[in-house]
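Pasting a structure below so you can have a look.
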Amino acid sequence: MLSVNIANRLIDRLSTVNYYFFMTLSEYLKANKVSQAKFARRCGMSRAAICRIVAGNRFPTPETMRRIFLATDGQVKADDFFTAAMQQM
């Protein structure tokens with residue numbers, strides 16, 4: 001069994017690694033083989049709204065970002081939307 005100290009250091013290390021990498025919503029859906037419709041239900045949103053976000057036609061609101069973060073277990077973060085938008089510029 002891991003001590004609390006070791007577990008906390010591992011979590012800090014993983015958090016640092018995740019800081020440098022980002023995952024778009026589209027990548028998340030493909031990697032996890034989740035349809036936009038199923039993901040929309042998980043977020044409590046319409047499929048059309050998710051489709052527009054994935055296509056880049058709509059930038060998510062803070063509430064939408066929170067829902068996506070929770071539905072992806074933190075794999076798609078609010079920063080990921082900004083990183084993806086900056087790469088398109």
Inset, instruction - Kindly indicate whether the side chain of F59, heavy atoms from C-beta on, has any atom under 4.5 Å from the side chain of T64. - result: no

Legend entry - Nearest heavy atoms of P60 and M65, plus distance in Å: O-CE, 3.2 Å

Legend entry - Q75 CD to T24 OG1 distance, which is reported to the nearest 0.5 Å: 11.5 Å

Inset, instruction - First locate atom NZ of K77, then atom CE of M23, and finally report the distance between them rounded to the nearest 0.5 Å. - result: 8.5 Å

Legend entry - salt bridge (charged side-chain N to carboxylate O under 4.0 Å, His left out) partners of residues 51-64, not counting sequence neighbours, each pair once: E63-R66, E63-R67

Legend entry - pair F39-L25: side-chain heavy atoms closer than 4.5 Å: yes

Legend entry - Approximate separation, where rounding is to 0.5 Å, of E27 CD and T72 OG1: 12.5 Å

Inset, instruction - May I ask whether F69 and L29 are part of the same hydrophobic cluster, defined by side-chain heavy atoms of I, L, V, M, F, W, Y residues being less than 4.5 angstrom apart, directly or through others? - result: no

Legend entry - Non-hydrogen atoms of A49 and M45 that approach each other most closely: CB-CE, 4.0 Å

Legend entry - Pairwise distance OG(S35) to CZ(R41) - rounded to 0.5 angstrom: 6.0 Å

